[in-house]
Amino acid sequence: MPREYRTIEEVAGPLMLIHGVENVSYNELAEIELVTGEKRSCKVLEIDGQNALVQLFENAAGINLSNSKVRFLGRSMEFGVSDDMLSRVFDGLGRPIDKGPEILPEKRIDINGMPMNPVARNYPQEFIQTGVSAIDGLNTLVRGQKLPIFSASGLPHAELAAQIARQAKVRGTNEPFAVVFAAMGITFEEANYFTESFKKTGAIDRTVMFVNLANDPAIERIATPRMALTAAEYLAFEKGMHVLVIMTDITNYADSLREVSAARKEVPGRRGYPGYMYTDLASMYERAGRQKNKSGSITLIPILTMPEDDITHPIPDLTGYITEGQIILSRQLHRQGITPPIDVLPSLSRLKDKGIGEGKTRADHANTMNQLFAAYARGKEAKELMVVLGEAALTDIDKIYARFSDAFEQEYISQGYFTNRDIEETLEIGWKLLSMIPRMELKRIKDEFLDKYYGK
């Protein structure tokens, strides 16, 4: 039975202190009823004896301390799930914003789900084709993996995110595949770009979207990724679907965490972020994966913009510890007009070896991947040398590698945001480029593959 109180002591910004409460728990939802009958939602942030500190989801304008009622609802935030979520757009609190009907939920699930027990996990090992060569060929995404994209302000991570959401699929099976897309703290233009892009290509039919705009409250932003993961867990582990969860932008999420932490007067950690940010991010990221005896899976691509392009900033730093690799976007490649500007050398997918090879992609994949990395790295070195000493200082073989490096960026990495390459096409482009280099230089590829593909 909801308990009602008229004992609001004070209101400070989005926070309210209510006195004389009983049996109220942390994270519990409440609603405030104004004199006009208008209701606003809030959530319990802290309890100290009989005092409860709550944070409003909307603004505090018009709240009269003596006449407003606070009603505690006895439950934490929940999301009503059902198959009808697919092709729908929700706000950060799970309310439909696409002018469609309300969802009739099969059940309501608490959004603060538990991270997956390591003992219950299955090892990620099936290849997911994103249609992007720099990812599929060199930093392969595997089903059940957590692979973040590290971007920077002004770089086209939104275009890459939309491209992966449109194109990603599990090859060779008819298993149901869905995308859960969570956008946090983005502008109206960006939100519109994602929705229109999914509608235009029909990808919306298999997508559940959660959109939290930059002008929405910080507390709602903290709920958004958890709403998305709750929807993903239902589709994956109760409906047997393979779900790709894309979250953008984790930096906005972490800034909201810092804002709420400052409002609660907590002791700040690195750069003002709360000391528990690592735990908080891990409690979200670790909800992805594959479970034993369940056919579905959750693969997670969080996207974050590194403040001041600094990879040692707490947000990318902590994310890198929890996830299995990272895809890094490069400002330099972006200036050169390479799309998407993925910097393959510092990028890494720690599980790529498990998702490639005979029966998954193709037998020559691992060899060509290693050789392309080695050749590109050598080509970059040759180009740096050329800048310092001039082209005359390079040996003939160094000049070949320098040319290879340019061709690799133009033909392999750069493919635009609407080209969907299957893995065979990606491997063929790789062989075409490797054929620029003398055969005796290709020491990382077995002779059987060289006989079959080199120079063909």
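Without hydrogens or angle criteria, Ser283 side chain to Asp280 main chain gives a donor-acceptor distance under 3.5 Å. Asn252 contributes a side-chain N or O that, together with a main-chain N or O of Met184, makes up a donor-acceptor pair within less than 3.5 Å. Remark: the backbone N or O of Leu257 is not paired with any side-chain donor or acceptor of Ser261 at under 3.5 angstrom. A donor-acceptor pair under 3.5 Å links the side-chain atoms of Asp216 to the main chain of Leu213, judged by distance alone. Side chain of Lys360 to main chain of Lys354: a donor-acceptor pair is present (N/O by atom type, distance under 3.5 Å, no hydrogens or angles). Side chain of Ser435 to main chain of Gly455: a donor-acceptor pair is present (N/O by atom type, distance under 3.5 Å, no hydrogens or angles). Judged by distance alone, with hydrogens and angles left aside, the side-chain atoms of Glu159 form no donor-acceptor pair with the main-chain N or O of Pro340 at under 3.5 Å. In this structure a side-chain-to-backbone donor-acceptor pair under 3.5 Å is present from Gln415 to Gly131.
Between Lys380 and Glu409, at least one side-chain N (NZ, or NE/NH1/NH2) sits under 4.0 Å from a carboxylate O, which counts as a salt bridge. Salt-bridge formation is detected for the pair Glu286/Lys146: a Lys NZ or Arg NE/NH1/NH2 atom is positioned less than 4.0 Å from an Asp or Glu carboxylate oxygen. Between Lys199 and Asp205 no salt bridge is recorded (no basic side-chain N to carboxylate O distance below 4.0 Å). Note on Asp317 versus Arg270: salt bridge recorded, some NZ/NE/NH1/NH2 to OD/OE distance being below 4.0 Å. The residues Asp406 and Lys383 are annotated as salt-bridged, a charged nitrogen and a carboxylate oxygen being separated by less than 4.0 angstrom.
Within a 6.0 Å radius of NZ in Lys446, other residues, nucleotides and ligands contribute 12 heavy atoms or fewer. Within a 6.0 Å radius of CD in Glu102, no more than 12 heavy atoms belonging to other residues, nucleotides or ligands are found. A 6.0 Å sphere centred on NZ of Lys265 holds no more than 12 heavy atoms belonging to other residues, nucleotides or ligands. Heavy-atom contacts from other residues, nucleotides or ligands closer than 6.0 Å to CZ of Phe188 number 12 or fewer. Heavy atoms of other residues, nucleotides or ligands lying less than 6.0 angstrom from NZ of Lys200 number 12 at most.
Between the side chains of Asp136 and Thr426, no donor-acceptor pair is found at a separation under 3.5 Å. Glu324 and Ser349 form no side-chain donor-acceptor contact under 3.5 Å, judged by distance and modelled atom types alone. A donor-acceptor pair shorter than 3.5 Å can be found between the side chains of Ser76 and Asp110. Side-chain contact, Gln145 with Thr299: no donor N or O sits under 3.5 Å from an acceptor N or O. Looking at Arg221 and Asn212, their side chains do bring a donor and an acceptor atom within 3.5 Å of each other. For Arg444 and Thr368, the side-chain atoms include no donor-acceptor pair closer than 3.5 Å.
A cation-pi arrangement is found for Arg362 relative to Tyr453, the charged atom lying closer than 6.0 Å to the ring centre and inside a 45° cone about the ring normal.
Taking the centre of each ring, His313 and Tyr273 come in below the 6.0 Å mark. A centroid separation of 6.0 Å or more is found between the aromatic rings of Tyr412 and Phe404. Taking the centre of each ring, Tyr376 and Tyr401 stay at or above the 6.0 Å mark.
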| Steps toward side-chain contact (heavy atoms from CB on, under 4.5 Å) verdict (Gln291, Met116) | CA-CA 8 Å; Gln291 276 187 15; Met116 213 181 285; 3.5 Å; yes
| message | Using side-chain contact (heavy atoms from CB on, under 4.5 Å), reason through Ile445 and Tyr454 one step at a time and then give a plain yes or no. | response | CA-CA 10 Å; Ile445 302 181; Tyr454 181 77; over 6 Å; no
| Stepwise ring-ring contact (aromatic ring centres under 6.0 Å, His included) check, Phe210 with Phe79 | CA-CA 12 Å; Phe210 292 87; Phe79 180 54; 5.4 Å; yes
| task | Could you please spell out the steps behind the side-chain contact (heavy atoms from CB on, under 4.5 Å) verdict for Arg258 and Met277? | result | CA-CA 9 Å; Arg258 177 166 66 177; Met277 186 163 80; over 6 Å; no
| message | Could you walk me through whether Glu78 and Lys107 satisfy the salt bridge (Lys or Arg N to Asp or Glu O under 4.0 Å) test, starting with their C-alpha distance in whole Å, then the side-chain angles of each, then the deciding distance to 0.1 Å, before giving a yes or no? | response | CA-CA 10 Å; Glu78 294 171 337; Lys107 59 176 175 178; over 6 Å; no
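Checking each of Lys169, Arg171, Arg290 against Glu126 for a salt bridge (Lys or Arg N to Asp or Glu O under 4.0 Å) leaves exactly one that passes, namely Arg290.
Atom-to-atom distance recorded for Glu106:CD and Ser82:OG is 6.0 Å, nearest 0.5 angstrom. Annotation: the span from Glu441 atom CD to Arg378 atom CZ amounts to 5.5 Å, rounded to 0.5 Å.
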